[in-house]
Amino acid sequence: MIQVQLPDGSLHEYPDETTALDVAASIGERLAMATVAAEIDGTTVDAMRPLAELSDAEPIALRLLTTRDPEALGVMRHSCAHVMARAVMRVFPGVQLAFGPTIDNGFYYDIGLDQAIREEDFERIEQEMKAIVKAAEPFERFHLGRDEALSFCEELDQGLKVEHIRTGLAEHEELSFYRQGEFVDLCRGPHIPDAGRIKSFKLLSVAGSHWKGDAAAGRRLQRLYGTAWFSKKDQKAYLERMEEARRRDHRVLGKQHGLFSITAEVGQGLCLWLPKGASVRGRLEDFIKAELLARGYDPVYSPHVGRVELYETSGHFPYYRDSQFAPLFTHDAGQLVDGWIRRLEAGALGEKDEQALREAASVLGCDTAAYPLQGTQDERVSFLRHWELTQERFLLKPMNCPHHVQIYKSQPRSYRELPVRLAEFGTVYRHEQSGELNGMLRVRGLTQDDAHQFCTADQVEQEFRDTLELVKFVLAAVGLDDYRVQLSLRDSASDKYVGSEENWDRAESSLRNVLEETGLEYEECVGEAAFYGPKADFMVRDCIGREWQLGTVQLDYNLPERFELEYIGSDNRAHRPVMIHRAPFGSMERFVGMLIEHFAGAFPLWLAPEQIRVLPVSEDRHAGYAAQMNERMASEGFRVTTDLRSAKVQSKIRDAQLELIPYMLVVGDKEAAEGTVAVRDRIDGDLGMMPVDEAIARLREEADSRQVRQVVKSSFSAFEGESQADHEY
RNA sequence: GCUGCUGUAGCUCAGUGGUAGAGCGCGUCCUUGGUAAGGACGAGGUCAUGGGUUCAAGUCCCAUCAGCAGCUCCA
């Protein structure tokens with residue numbers, strides 16, 4: 001007999017072979033039906049395995065995982081991945097199984113297959129999956145020793161599994177498998193008792209991947225993504241959420257509403273801010289700038305390029321070379337010599353090529369007569385470097401700090417003027433891998449809302465507190481109030497960090513103190529800090545629950561050292577300041593991209609590129625009064641246009657609604673006669689006629705208080721079918 | 001960067017090796033209207049680019065460029 005303790009504390013006795021499923025059945029049939037897996041000693045396990053096999057504890061603390069538990073969802077999805085793999089093997093011969101894990105909201109399975117699986121094939125695979133689910137065959141676990149397991153996988157012709165046992169699982173003496181009908185997979189589990197527990201699933205996409213994530217090895221796999229749920233309703237809600245996210249895609253909305261443009265003509269990852277997008281950005285920048293001034297920042301400007309030496313000193317140029325635009329040389333031979341050095345250093349230069357480079361450099365005007373062709377690699381590199389140092393080399397700046405450091409150094413600093421806070425909307429260029437580019441969210445030219453604070457170690461805490469307040473204030477202005485902070489700390493066991501132990505301790509506890517004191521949700525990530533200092537990243541949740549990593553605050557003990565920054569302390573001696581990098585919103589590109597998705601393109605009044613549209617009822621009779629209203633609104637500081645097309649007012653309203661203009665002023669005979677306007681709100685519709693002054697007061701109040709109204713539609717039903725625009729925003 | 005998919009009018013997309021299409025938008029004209037689509041006519045294309053196969057290529061093949069999804073990366 002075994003003793004089992006349930007979460008309510010009750011103790012029960014069961015025969016030796018009892019499984020979690022048996023326990024559930026002993027409590028009730030419906031519970032057994034709903035039981036998907038079990039939790040013993042905090043780990044999720046198969047419900048169909050004998051409990052005695054899983055734990056030696058007396059009693060065994062058992063928690064049944066039912067369709068209500070999130071852990072159960074993961075188990076079921078993993079089983080669904082097996083079902084999918086089984087179905088794929090039925091449809092396509094010669095499938096090599098790789099890995100099929102659970103991910104957020106679903107699962108995937110990586111498979112090797114010569115033939116490309118296309119979305120058109122999903123239907124057939126899903127049909128097979130349905131048949132498998134309907135047959136509701138059990139998942140059966142069994143174990144094999146290493147040798148048996150290897151020959152078993154070889155028999156099954158699953159070469160990737162063989163390799164995985166040999167490499168990834170080299171230390172496992174015994175390997176577990178799950179059998180479901182004709183399908184057997186090397187797998188740690190756990191799984192659901194039988195396939196019938198999968199109530200709803202759908203294949204979502206297929207994409208390329210690599211064996212063990214190693215692209216260099218060049219072993220391509222196909223990754224099939226799917227989702228699965230315990231009810232059709234949950235799945236439908238999930239798919240609707242996905243659809244909602246897709247509908248908000250800033251790349252689509254940005255094009256539709258003329259906010260920004262990224263084209264091949266201009267260059268990959270290089271964003272053009274169209275007038276309307278520039279307007280939104282301008283409002284945000286003005287707003288942030290005003291805040292910075294109020295908080296004691298000094299705005300500065302710096303050029304878009306800087307001498308390479310700056311970034312060599314900072315250490316970034318060599319380290320991030322691959323993700324930077326190539327340096328600019330004023331000498332024709334610059335690029336050539338640069339490539340030459342890199343080839344030498346990589347040891348990838350043959351004698352013949354070296355001779356050719358020498359001649360070419362000479363043709364381009366670099367005197368290589370004294371080049372030590374017979375010398376060591378170091379001697380040759382140093383000859384070239386010496387020449388390079390006599391040349392001007394520039395870099396499109398990949399970050400603003402070196403320039404700001406130079407501004408700090410432009411005069412001697414006293415402790416009395418600290419902290420020095422230098423702020424700039426600084427545009428930087430990074431040559432991101434082409435596959436990483438994504439609309440405005442990942443670009444190659446971006447403008448950071450950057451600032452560098454130079455302060456003493458005891459000022460760090462206050463500076464961090466101020467930055468948090470700034471972030472809070474600005475995020476509130478755009479209706480974002482759900483965010484958390486990821487605090488990255490050092491791993492005290494490692495010695496890769498610069499800066500004194502004492503400074504780190506002090507800084508880390510300062511950051512933690514401030515976070516505690518603000519009551520912000522935060523998590524500590526030990527070992528995630530940069531080598532030069534701890535950092536705090538802001539994770540913001542938008543109105544449909546997606547999390548965005550926006551800004552960051554980073555302490556830096558490295559650059560002050562490398563650039564030999566100093567200030568004169570009260571003791572009349574030189575001290576090294578601490579430097580704080582902070583870009584609370586990351587980049588304007590990313591922030592505005594996120595806002596487009598957050599607002600689904602419908603910006604609040606204070607940010608809307610076009611705030612008001614005047615709609616004359618009759619184009620020829622009311623054009624004069626409309627022009628008068630337009631002028632009045634413009635003189636009150638609103639961004640306003642007038643729709644002078646000879647269309648019906650209904651049609652003009654429809655267009656303005658679809659263009660997400662916050663307010664429409666309908667003007668006709670009545671309004672012209674009485675000096676009023678009929679106000680239509682994008683959200684609430686017709687507000688009726690009112691005196692112009694009242695309309696102005698109302699809109700001004702909304703804009704000045706930066707009110708954010710109706711960020712998200714509560715119901716998704718409006719998006720179904722063709723009538724998607726009905727009363728939408 | 002790697003893998004897969006895609007590239008046709010300003011936008012969204014049809015298009016079977018044999019004459020280039022639709023809806024929306026745009027222009028002109030008619031219409032002058034009261035809170036989500038008035039009507040007629042019209043313009044608009046080197047089918048991403050460059051090669052190839054073929055009597056014939058938007059369609060098939062190769063390369064390049066770009067986009068999308070994923071992988072890998074992100075100071």
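All chains are named by letter (A, B, ...) in the order of the sequence lines, taking the proteins before the strands, and each is independently numbered beginning at 1. Basis for what follows: all heavy atoms, side chains included, without hydrogens, waters or symmetry-related copies.
Pair assignment for B:rG58: none, as no Watson-Crick or G-U wobble contacts are both less than 3.5 Å. Across every strand in view, B:rA75 sits unpaired, with no contact that passes the Watson-Crick or G-U test at under 3.5 angstrom. The partner of B:rA36 is absent, by the rule that a Watson-Crick or G-U pair needs both atom distances under 3.5 Å. With a cut-off of 3.5 Å on both pairing distances, the Watson-Crick or G-U wobble partner of B:rG21 is B:rC13. With a 3.5 Å ceiling on both atom-pair distances, the Watson-Crick or G-U wobble partner of B:rG42 is B:rC26. Shown here, B:rG70 forms a base pair with B:rC2; the pair counts as Watson-Crick or G-U wobble because both key distances fall under 3.5 Å. Checking B:rU64 for Watson-Crick or G-U wobble geometry (two distances, each under 3.5 Å) identifies B:rA48 as its partner.
Interface remark: the A:Arg680 side chain does form a donor-acceptor pair with the B:rU35 base, using a distance-only criterion of under 3.5 Å. The base of B:rG1 has none of its N or O atoms less than 3.5 Å from a complementary donor or acceptor on the side chain of A:Glu432. One can find a donor-acceptor pair under 3.5 Å joining the base of B:rA75 and the side-chain atoms of A:Ser323. The base of B:rC26 is not paired with the side chain of A:Arg645 by any donor and acceptor separated by under 3.5 Å. Judged by atom type and distance alone, A:Arg251 does not reach the base of B:rC68 through any side-chain donor-acceptor pair under 3.5 Å. Side chain A:Ser646 to base B:rU32: no donor-acceptor pair is found below 3.5 Å.
When distances run from any side-chain atom of A:Tyr320 to the nucleotides B:rA75, B:rG34, B:rG1, the shortest one goes to B:rA75. When distances run from any side-chain atom of A:Leu658 to the nucleotides B:rA66, B:rA36, B:rG33, the shortest one goes to B:rA36. Across B:rC71, B:rG34, B:rA66, the shortest atom-to-atom separation from the side chain of A:Gln268 is found for B:rA66. With B:rG34, B:rA75, B:rC30 as the candidates, the nucleotide lying closest to the side chain of A:His316 is B:rA75. Considering only side-chain atoms of A:Lys670, the nucleotide from B:rG1, B:rA75, B:rG34 that sits closest is B:rG34. For A:Ser434, counting side-chain heavy atoms from C-beta on, the closest listed nucleotide (B:rG1, B:rU35, B:rC71) is B:rG1. Which of B:rG33, B:rA75, B:rU35 sits closest to the side chain of A:Glu619 comes down to B:rG33. Taking the side chain of A:Asp620 as heavy atoms from C-beta on, and the options B:rA75, B:rA66, B:rU32, the nearest nucleotide is B:rU32. Across B:rG33, B:rA69, B:rU35, the shortest atom-to-atom separation from the side chain of A:Ala678 is found for B:rU35. Of the listed nucleotides (B:rU32, B:rA69, B:rC71), B:rC71 has the atom at the smallest distance from the side chain of A:Glu436.
Other residues, nucleotides and ligands contribute at most 12 non-hydrogen atoms within 6.0 Å of the CZ atom of A:Arg698.
One finds a side-chain N or O of A:Lys255 lying less than 4.0 angstrom from the OP1 or OP2 phosphate oxygen of B:rU12. Taking side-chain N and O atoms only, A:Gln650 has no distance below 4.0 Å to OP1 or OP2 of B:rA37. At B:rA69, one or more side-chain N or O atoms of A:Asn438 fall inside 4.0 Å of OP1 or OP2 (strictly under the cut-off).
Between the side chain of A:Asp449 and the backbone N or O of A:Gly586 there is at least one donor-acceptor pair closer than 3.5 Å.
In this structure, A:Arg307 CZ and A:Leu328 CG are separated by 12.5 Å, a value rounded to the nearest 0.5 Å. For the atom pair CZ of A:Arg590 and CG of A:Leu446, the computed distance is 10.5 Å after rounding to the nearest 0.5 Å.
As rounded to whole Å, 15 Å separates atom C1' of B:rU31 from atom NE2 of A:His622. In this entry the distance linking CG of A:Leu221 with C1' of B:rA69 reads 16 Å, nearest Å. The separation between A:Glu265 atom CD and B:rG7 atom C1' is 13 Å, rounded to whole Å. Summarising the geometry, the separation between CG on A:Asp249 and P on B:rA69 is reported as 7 Å, rounded to the nearest angstrom.
Classified by interplanar angle (parallel below 30°, tilted 30° to 60°, perpendicular above 60°), the ring pair A:Phe325/A:His431 is perpendicular. The aromatic rings of A:Tyr532 and A:His316 sit perpendicular, their planes meeting at an angle over 60°, well past the 30° parallel limit. Between A:Tyr225 and A:Tyr108, the ring planes lie tilted relative to each other; the angle falls in the 30° to 60° range.
Stacking here means ring centres nearer than 5.5 Å and ring planes tilted less than 30 degrees, and by that measure A:Tyr225 does not stack onto B:rG70.
Rounded to whole Å, the C1' atom of B:rC13 lies 30 Å from the corresponding atom of B:rC71.
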